[in-house]
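See structure below.
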There are 2 protein chains.
Amino acid sequence: MATISDVAKQTGLSSATVSRVINNYPHVSEEKRRLVHEAMEELGYFPNTSARNLRNRKTNLVAVLIPRLTNPFFTSILDGIEKVAEEKGFQLLICQTQSSKKKEMDFLTLLKTKQVDGVIFTSIENDWSEIKPYTESGPIILCNEYHRNATVPIIRLDQAYGSYLGTRHLIERGYRKIAFCHGSKSGLSNDRRKGFVRAMSEAGLPLNQEWIFHNTYTMEDGKNVLREIMNLRDRPNAVFTGGDEVASGVLKEAKRYGLKVPEELAILGFDDQPIASLIEPELTTICQPGEEIGSRTMSVFIDCLNGEIDRKQQSVIELPISLVKRKTT
Amino acid sequence: MATISDVAKQTGLSSATVSRVINNYPHVSEEKRRLVHEAMEELGYFPNTSARNLRNRKTNLVAVLIPRLTNPFFTSILDGIEKVAEEKGFQLLICQTQSSKKKEMDFLTLLKTKQVDGVIFTSIENDWSEIKPYTESGPIILCNEYHRNATVPIIRLDQAYGSYLGTRHLIERGYRKIAFCHGSKSGLSNDRRKGFVRAMSEAGLPLNQEWIFHNTYTMEDGKNVLREIMNLRDRPNAVFTGGDEVASGVLKEAKRYGLKVPEELAILGFDDQPIASLIEPELTTICQPGEEIGSRTMSVFIDCLNGEIDRKQQSVIELPISLVKRKTT
DNA sequence: CCGTTCTTTGTAATCGATTACATGGAATCG
DNA sequence: CGATTCCATGTAATCGATTACAAAGAACGG
């Protein structure tokens, strides 16, 4: 492979001048500029990225932590991040955490080793105290996640409000016995629980612990939830899930049991993924604008790199969340 | 940030010895080894990846070209790739091509600039003659794609057989008027057409050009296809689509028009994505094992890097493809 | 015409690691 | 005990770029 000094030799110039041409610096005569371009072409020269990164102390690489690549909501976020990244000349490193605390921490060392310029979390498993030390090494941004004491920019949706909205909608439709499905115990999931609890208590409805389900993520989990419900003596007549995938599992299995949706069981999703309007009856759900939250996040990230936003101080951008009424409620 | 020579200074040793400790070389006394570890801990030292990459002439980075992140079939491939990559200590660079020839070529320069050790194509837009020169710079692998004269390893499914299987199934069920939906004019799409044509001609059925649809990718495209069908004087009674998303669009719109599926219109998908068993009636489709094709690809990639497979010669691994009979045919 | 400024180019240090080669001392062997 | 081998460590070159500083010549102003 040709190096910059091969080009220098070929043209009879110094590598400094060649570098100036590569980086479009002024104060290089047109003639030499042309000469260098010709030589680069002829030798098939391309600058070595590792050498540049070493010298420039940056990589134009961002690590994106994502729990599962096969979750459409997260890929829509990723899509939003990617589009802005591509536009601004950044590359994305995929870090699938599988919701594992250990993997999350492992990926953070990419910052320490300067393999990436910064990290975007689209979900977070560890306590903030674990993460905080890494903020010294480069920008860390929370996307669709919220830690009360996180000292970084946060781009989020008001999850509590979203689930408040959803729960109130169920209550307005006359459902009183409402089940609720959790994901992990993260801040996000907590916020949703709060909104749920608030709407319930505002309506004077009691919380039935038998109707609270934990660790539900996939369609399969949704099916299991419904089976568990069927085994209860006192069954809920509405289910508020933590995601459209879970909701579609609940729906699928409900049909198998011959339950009428929404008459006998109302189902409320979260995300508004494409499947929401594909399944039948179409799923009422909470719309989370995945792509937009992603693109906003990447913009903020870039502003942090340029020092236009203080990366070590909490700042919150909140995007609107809304209820999409369809046929399952 | 602490560097290796800071560690050297702190311990009174040379950077060579420190490097030996970092890389677990033999011939370092236990005492010095401990000393170095202590100093690294104390200084919060992490080796700089760019410097290592420069010196070692490799990055442990792989570029994965993918048309759309929001297509579940491709993310299942990505998932398979990622799992093996993670296990073997590789990182993935996301390259969303949006099926653009230009972007595809742009991403290939990552190889030239040595930003990545190699490239995996999960779809390919340019002619092989455009790509070929880049094989000099590092391993290139085709995943789920096939170019007759590609001089690289290929991990693929027998697309022609898949669509042959699907078409024959439709014919066996008594459908004679079969529409066919294409994606791009890539090799993959071509193969599917071949299988379709073969099954049709074996059954002595004529091809109606009005029933061939091009450039169909999304659910929205599927809806459009059905609308176009409704406008035809002579309508097909079965549609073979190039993907489950397109199929679900066709189905959705067919229901809106009050068509009975499968009695009045049979629909056959391709991929076997999660939605296939979610929509109703459940979608008959061709199962493509996305995750497996991805993980096999990454394994082959690593074998290429280690020289255990000749990366500049065509080799083909073909995984089984099968028909999943459900309710739309 | 001389001093000043601007343009163009080169020299050499630098980024932070790895490693070929050298060296001195300890261990081993006949 | 002398020769040989092995172990532990250091010196300095190297990977391939960027850039501070120097320097020579051109342009310019009074």
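Per chain, numbering begins at 1; letters A, B, ... match sequence-line order.
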Determine, stepwise, if the pair B/Y45 / B/I4 fulfils side chain to side chain contact (heavy atoms under 4.5 Å, CB included).
CA-CA 8 Å; B/Y45 167 79; B/I4 196 171; 3.8 Å; yes
Which of the following nucleotides, C/dT7, D/dG16, C/dA17, is nearest to the side chain of A/H27?
C/dT7
To the nearest angstrom, the NZ-P distance between A/K58 and C/dC15 comes to 18 Å
Listed nucleotide nearest any side-chain atom of B/V28, set D/dC15, D/dA20, D/dT9
D/dT9
Please report, rounded to the nearest Å, how far the P atom of C/dG16 is from the CG atom of B/N53.
14 Å
Between CD of B/E30 and C1' of D/dC7 the distance, given in whole Å, is 14 Å
Between A/T3 and B/K32, who's closer to the 5' end of DNA chain D by nearest nucleotide?
B/K32
Which listed nucleotide (D/dG16, D/dG10, C/dA12) is nearest to the side chain of A/S15?
C/dA12
Which of D/dG16, D/dT11, D/dT19 is nearest the side chain of B/R57? It is D/dG16
The nucleotide from D/dT18, C/dA17, D/dT14 with an atom nearest the side chain of B/P47 is C/dA17
Residue from B/R33, B/R34, B/K32 passing salt bridge (Lys or Arg N to Asp or Glu O under 4.0 Å) with B/E30
B/R33
Roughly, in whole Å, what's the span from CD1 in A/I4 to C1' in C/dA13?
15 Å
Reckon B/R55 touches a base, only the sugar-phosphate, or nothing at all at heavy-atom distances under 4.0 Å?
base
To the nearest Å, give me how far apart OH (A/Y25) and P (D/dA17) are.
14 Å
